[in-house]
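To find a chain, count down the sequence lines: A is the first, B the second, and so on, and within it residues start at 1.
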There are 2 protein chains.
Amino acid sequence: MRPKLEDVAKLANVSKTTVSRVLNNRGYLSQETIDRVYQAVKELNYQPNVVARQLYKKQTRIIGLLFPTIANPFFGELSAELEKRLYNEGFKVLIGNSMNDPKKEAHYLNQLLTKQVDGLIVGTHNRGIKEYNYSHLPVVAIDRNMNQDIPVIESDNYNGGVLATTHLINQGAKKIIHTNGPIELESPTKRRRLAYEDTIKAYGLTPITVTVDFNIPYIEKKKIFTQIFKDHPDLDAIFASNDVDAALIMQVALEQGLHVPKDLLLVGYDGTQIIQNILPGLTTVVQPLEQIAQTAITVLKQRLNNEPTDTEYILPVTLHKGITG
Amino acid sequence: MRPKLEDVAKLANVSKTTVSRVLNNRGYLSQETIDRVYQAVKELNYQPNVVARQLYKKQTRIIGLLFPTIANPFFGELSAELEKRLYNEGFKVLIGNSMNDPKKEAHYLNQLLTKQVDGLIVGTHNRGIKEYNYSHLPVVAIDRNMNQDIPVIESDNYNGGVLATTHLINQGAKKIIHTNGPIELESPTKRRRLAYEDTIKAYGLTPITVTVDFNIPYIEKKKIFTQIFKDHPDLDAIFASNDVDAALIMQVALEQGLHVPKDLLLVGYDGTQIIQNILPGLTTVVQPLEQIAQTAITVLKQRLNNEPTDTEYILPVTLHKGITG
DNA sequence: TTGTACGCGTTATCAA
DNA sequence: TTGATAACGCGTACAA
């Protein structure tokens, strides 16, 4: 049996209250009782029960993170960054991978609404999950529009799209294809697409956007990319909406006997550590990951304290020029 | 104010007990009360308070995962796999990245011992954290020896080392360098090193193992790898102890003007999805990630139920032959 | 400086 | 078929 406050109290010959006071050092206490209590705590190897404390305090000091999947480097690195910072603020982190399955996401949400977490950071791609609406749980979203009540943290997606597209055009590309997620999803990511299309048109070219579901197996993605090369033998550049896709495209191009950048210019998006180090040659739009994480946490804490927040935080991106485009 | 059981009870004109019964459908209930209760629940948008339930039930249905960092693809993919399976079993997942910082790891551990989680899956690389010893928390370890009480799940590290080394030797390599973590850490990973050294010696060659801390920034790793090429201009193969390191080495070799596999043979370890798809050419020892995840969960559940378990579970590896070695 | 008694929101026992 | 009541383990008014 796990010892509880009462057991410690008995052993130290004091009341529960006193033990509690000693452990949370509140109020006046004689050095003698303090010592006796700590002695008893050690003797019994007492560990306080957090759950009881959570119930009393009505807070868990746990923040939920809801992302498509941390197996993807962008969300893996983002989650690691969030965890690091939240840990320093005394929070723990509960992670849910929605796998872009609306059922799973709604289920997680329902679970987390039950006072299981104090707040939520969401970066999933589903829409129309009604649970978000009538919840009073503090929530911030990363790269996702939810509803008016929920602040969004995002990198400057539009500018990122402009940077990438302009860069490819400046390199002399004429037929540039863009890959992006399903258009139904009203996410800030769509601004990359919009920027791409606007820019392409501004230069008198024709936009071609190919839909690639974010959350399908790599092998499926590769099939889609292979098909792109079949359908557009004359294409000379691709602006991929994330680094992993860009890396996969690079691989597929290689398999197709295409040389990057000689036969194909390529620009990615994200600038994750891993891809930047494994494929430093990949030209890509770099998102400020640490800044995104920090902003999300700052804003969430404001929500936690019932302080007002903005509804949108747009953070600057930069273009990393490699050799692929 | 959040509605509680009592509020629902009042509105439905029944007792707390009845409401609880309806929601957990236990015992006999008239259809009429059932309807009335659900009506009230809906009207108040009642959400049960999990923490109160956790306190009573003395379990949280949360499993803690303690890894070096989920930013690394191996642990990212492993965590995702664990989360998926635990979710299906009705568990949630609390993630801690130790960053191989013993203080942070010990702190997490102390926190999690306080009934915050029902069980723990650990894959960190620190040693000598005493908290593990006098805890009665069910724990399983992945690729890490802790103490006799804690079962270890691991891939067949020794055989993996043999496979990789033998393969390189069969390809004609004479001077093969191996990278591995600090030797002080008594982890199963060390068996890769042992296998490498045994095999090398069996063929009359000289083992050279270079220490690379797992948890340093990629940029630092690259420096070490660059130094290897400087120190050993005549080396003709590297067996890296994980895929990311292998990928980094590949990149560094390129920078050094070395062609893989013409000038350098390279074998990695892990077989993560991302690396296998981005660099399918990388020859590597593939760990059975799903099987590792499933075994860890199965064993943890046995521990949770106080059933006996083995102390070691060794899962088979396979050699993926790419073009790098 | 210390102790008594109650509440946090649930579930289960026992009685009705 | 339902309700009163006592736990679960902790923290804090309030009293002493």
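- Judged by distance alone, the side chains of A:Thr124 and A:Glu105 do bring a donor and an acceptor atom under 3.5 Å apart.
- For B:Tyr46, a side-chain nitrogen or oxygen approaches OP1 or OP2 of C:dT10 to under 4.0 Å.
- When the shell of 6.0 Å around CD of A:Glu307 is examined, it contains more than 12 heavy atoms from other residues, nucleotides or ligands.
- Atom C1' of nucleotide C:dT2 and atom CD of A:Gln31 are separated by 16 Å, given to the nearest angstrom.
- Across all strands, B:Leu55 comes closer than 4.0 Å to base atoms (heavy-atom distances).
- Between A:Ile34 atom CD1 and C:dT2 atom C1' there is a gap of 13 Å when expressed in whole angstrom units.
- Side-chain N or O atoms of B:Thr18 include none that pairs as donor or acceptor with a backbone N or O of B:Val14 at under 3.5 Å.
- Spacing between atom CG of B:Leu113 and atom P of D:dG9 amounts to 17 Å, rounded to whole angstrom units.
- A donor-acceptor pair shorter than 3.5 Å can be found between the side chains of B:Gln31 and B:Asp35.
- Out of D:dG11, C:dG9, D:dC8, the shortest distance to the side chain of A:Asn24 is found at D:dG11.
- In this entry the distance linking NZ of B:Lys10 with P of C:dG9 reads 12 Å, nearest Å.
- Closest to the A:Arg53 side chain, of the nucleotides C:dT10, D:dC10, C:dG3, is D:dC10.
- Here B:Lys16 lies in heavy-atom contact (under 4.0 Å) with a base.
- Within the nucleic acid shown, B:Arg21 comes within 4.0 Å of at least one base atom, counting heavy atoms only.
- Rounded to whole angstrom, the span from the CG atom of B:Asn49 across to the C1' atom of D:dC10 amounts to 15 Å.
- For B:Ser20 and C:dA12, a side-chain-to-base donor-acceptor distance below 3.5 Å is absent, hydrogens and geometry of angles not being considered.
- Side-chain N/O atoms of B:Thr33 include one lying less than 4.0 angstrom from OP1 or OP2 on D:dT2.
- Ranking C:dT11, D:dG9, C:dG3 by closeness to the B:Leu5 side chain, first place goes to C:dT11.
- Per the geometry, CG belonging to B:Asn25 stands 12 Å off P belonging to C:dT11, to the nearest Å.
- Among the protein residues, A:Ser30 comes within range of the sugar-phosphate backbone only, with heavy atoms under 4.0 Å from sugar or phosphate atoms but none that close to a base.
- Minimum atom distance to the side chain of B:Lys57 is reached by C:dA12, of the listed C:dG9, C:dA12, C:dG3.
- The residue among A:Glu6 and B:Val14 whose nearest nucleotide of DNA chain D is located toward the 5' end is B:Val14.
- Annotation: A:Phe214 is not in aromatic contact with A:Phe74 [ring centroid separation under 6.0 Å not met].
- Between B:Leu23 atom CG and D:dT2 atom P there is a gap of 14 Å when expressed in whole angstrom units.
- There is no side-chain donor-acceptor pair under 3.5 Å between B:Gln294 and B:Glu290.
- If you check every strand for non-hydrogen atoms under 4.0 Å, A:Thr18 touches sugar and phosphate atoms only.
- Rounded to whole Å, atom C1' of C:dT11 lies 15 Å from atom NZ of B:Lys4.
- Nearest nucleotide to the side chain of B:Tyr56, out of C:dA12, D:dC10, D:dT12: C:dA12.
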